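Structure record follows, encoded as C-alpha cells.
Each chain gets a letter, A, B and so on, in the order the sequences are listed, and its residues count up from 1. None of the values given here were measured: they were computed from a predicted structure.
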There are 2 protein chains.
Amino acid sequence: MNSNSLLGFALMGLIFEQPMSGYDLRKVFTTTAMGSFSDSPGAIYPALARLEANGMIHGTVEESASLRKRRVFQITHTGFEALKAWLFKPVTRDDIVRGIGNLMLRFAFMDRTVGEARTIEFLRGFADEIEAYLPGLYQFLEAHGNGMPLSSRLALECGIQEYEMRLRWVKASAAQYEERKRNQP
Amino acid sequence: MNSNSLLGFALMGLIFEQPMSGYDLRKVFTTTAMGSFSDSPGAIYPALARLEANGMIHGTVEESASLRKRRVFQITHTGFEALKAWLFKPVTRDDIVRGIGNLMLRFAFMDRTVGEARTIEFLRGFADEIEAYLPGLYQFLEAHGNGMPLSSRLALECGIQEYEMRLRWVKASAAQYEERKRNQP
DNA sequence: AATGTCATGTAACTAGTTACATGATTTA
DNA sequence: TAAATCATGTAACTAGTTACATGACATT
C-alpha cells in the first residue's frame, strides 16, 4: 500500500483538527511552533495531491465573494483510519534513535483521536524504549569518552542529556494523563 | 557549485579523523552514537561516489592478504577546505528551528579542525539564536496554550524544555572551551 | 556443507528542494 | 499605481529508501 510520509501525517492531523486549505497549512508551518516542517508550496501542494489521490483527504473549492477561491481539505474516513493506525503503532527503538520528531508529532495529535488509555500506553512505551537505550549511551561514553575529542564528547553528553530530559517529560506527561483519566471515568 | 548533504559532511568528518572504507563508515553508524544516520549501503556508497566525483575524498584500494579488498577513503585538500567552510558557517535561526542535528554534528567535528577560538564563537552564536528564539515559544504557549489539546500543549512544552536544556549545555560547553583556551596560550 | 560476516555496489522508486509561474485582491 | 499578501500550482533536480546482487573468507 501507499504509505504516507511524515509530512503527510502532519497535514492529515492538522486537517482533522480543522479543515484547511493548502495556504492555511503553510501558514501553520511558518507561524506556529511546527516550524520543523517546510512551508514551501513545492512540498505541501504535491503532498496534498498525493493524499487526495490515495483517498485520505478531500478538497472542496470554496468560493468567497471577495477572496480568491481556495480548496479546503477535509479528512475522509479512510484518512482518519490511517491516521489512527499511525498513532497506534508501537514505539520502537528505531523511533527513539532516528525519529524522535515523529514520536512527538504522533503524541501531539493523540488527544482528540485515540483517548487517554492509549495515550498513556504510548507514553509507557516511549519511556521503556528510552530506558532501554540510555544505558548503552552511558556505556559508550564510559568506554570511549576519554579518547574522544572534547567537542565530540560534549556532543555525546548533550545527546544523553536530551534523552534524560525527554524521559522526565514523558513521565510527567503520563502522570497528567493518569490524573485526567481518574477525574473523568 | 555542488554542495554536500549532511550525510556527505558526516562522512567527510569521519574520514578526516581517520581514513576509512565504506564498510567502516557503515559500522560507525550502526555501532556508535551516530545512529541517526542510515547505515544502508544504498545511502553510503552513492554518497561516497559523489564526494569522490566532486574531489572531496579519494579512495585507494587496499589489498590485504586475507580479506577482500577494500577501498579506503582519505579526505583531499579541497574536501578539507569544504569541511572547514561548513564548520565556519554562522549559526542561523533556521539552523535552530529545523536543523539542530546539523549544528550538533558540526560541533562534534570542530575540535581538531577549527580551533578553540572559532569553537567558542560558534557556541556563542548558538546560544544567541536559542535566546532569540525561546521568547517567541513562551509567547505562543502563553497565547494559545489554554486552547490547545493537552497532548499538543505538552509537546510544545517539551520543545521548550529541549531548547532550555540545550542552552544550558551550550553555555557549559563554552565555559569548558574558555578554560582550555586559557590553559594553552 | 551451511551459515555468518566482510565488502561493495546497483536499480527503481519516492519525496523533498529550489525556483519559477500566474493572477486576484488589499494596502500604502 | 506600486507593493504586499492571498492562493495554487508545476518542473527539474537531488538524495535517500528498499530491495536486490555478488562473491570471498571464516566459523560451526
Exercise for review: Inspect the contact between B:Glu179 and B:Arg182 and indicate whether a charged nitrogen and a carboxylate oxygen are less than 4.0 angstrom apart.
Suggested key: no
What does the list of N/O pairs under 3.5 Å between the protein and nucleotides 16-19 of chain C look like, with a distance for each?
{"residue": "C:dG16", "atom": "OP1", "partner": "A:Ser5", "partner atom": "OG", "Å": "2.9"}
{"residue": "C:dG16", "atom": "OP2", "partner": "A:Arg50", "partner atom": "NH2", "Å": "3.2"}
{"residue": "C:dT17", "atom": "OP1", "partner": "B:Arg98", "partner atom": "NH2", "Å": "3.2"}
{"residue": "C:dT17", "atom": "OP2", "partner": "A:Ser38", "partner atom": "OG", "Å": "3.3"}

Review point. Bend angle of the helix from C:dA1-D:dT28 to C:dA28-D:dT1 from five-pair axes at both ends, rounded to 10°?
Key: 30°
Exercise for review: For A:Tyr133, check side chain to side chain contact (heavy atoms under 4.5 Å, CB included) against everything at least two apart and list the hits.
Suggested key: A:Arg93, A:Ile96, A:Val97, A:Leu137, A:Tyr163
Point to revise | Residues touching DNA chain D, which here means a heavy atom under 4.0 Å, drawn from residues 15-35 of chain B | key: none
Review point. If you measure from CD on B:Glu52 to OG1 on B:Thr76, what distance do you get to the nearest 0.5 Å?
Key: 9.5 Å
Review point. Whole-Å distance between D:dG9 C1' and A:Phe73 CZ?
Key: 11 Å
Point to revise | Heavy atoms of other groups near B:Arg124 CZ, more than 12 under 6.0 Å | key: no
Check your understanding: Atom CZ of B:Phe9 and atom C1' of D:dA15: how far apart are they, to the nearest Å?
Key -> 14 Å
**Study point:** Whole-Å distance separating the CG atom of B:Leu11 from the P atom of C:dT8
**Key:** 13 Å
Revision key, fill the gap. CD of B:Glu17 to OG1 of B:Thr113, rounded to nearest 0.5 Å, is 8.5 Å
Exercise for review: Would you mind checking if A:Arg180 and A:Glu116 are paired as a salt bridge, meaning a charged N to carboxylate O distance below 4.0 Å?
Suggested key: yes
Check your understanding: Can you tell me how far P of C:dC6 sits from CZ of B:Arg70, to the nearest Å?
Key -> 11 Å
Revision key, fill the gap. Nearest heavy-atom approach of B:Gly79 to B:Met12 is O-CE, 2.9 Å
Review point. Rounded to the nearest Å, what distance is computed from the CG atom of residue B:Asp39 to the P atom of nucleotide C:dG9?
Key: 17 Å
Point to revise | Aromatic ring pairing B:Phe126/B:Phe122, orientation class (parallel under 30°, perpendicular over 60°, tilted between) | key: perpendicular
Check your understanding: Going by heavy atoms closer than 4.0 Å, what residues in residues 81-97 of chain B are next to DNA chain D?
Key -> none
Practice item. May I have the distance from A:Arg71 (atom CZ) to D:dT8 (atom C1'), rounded to whole angstrom? Key: 10 Å
Review point. Are B:Glu121 and B:Arg118 within salt-bridge range, i.e. N to O under 4.0 Å?
Key: yes
Practice item. Using a strict 4.0 Å threshold on nitrogen-to-oxygen distance, state whether A:Arg168 and A:Glu164 make a salt bridge. Key: no
Practice item. Please name the pair of heavy atoms, one in A:Leu105 and one in A:Ala10, separated by the smallest distance, quoted to 0.1 Å. Key: CD2-CB, 3.9 Å
Check your understanding: How would you list, by chain and number, every residue that makes a side chain to side chain donor-acceptor pair (under 3.5 Å) with B:Arg112, sequence neighbours excluded?
Key -> none
Check your understanding: Rounded to whole angstrom units, what separation is found between the CG atom of B:Leu48 and the P atom of C:dG9?
Key -> 9 Å
Practice item. Describe, in one word, how the ring planes of B:Phe107 and B:Trp169 are oriented to each other, choosing from parallel (under 30°), tilted (30 to 60°) and perpendicular (over 60°). Key: perpendicular
Check your understanding: How long is the line joining CD of A:Glu62 and P of D:dA7, in whole Å?
Key -> 9 Å
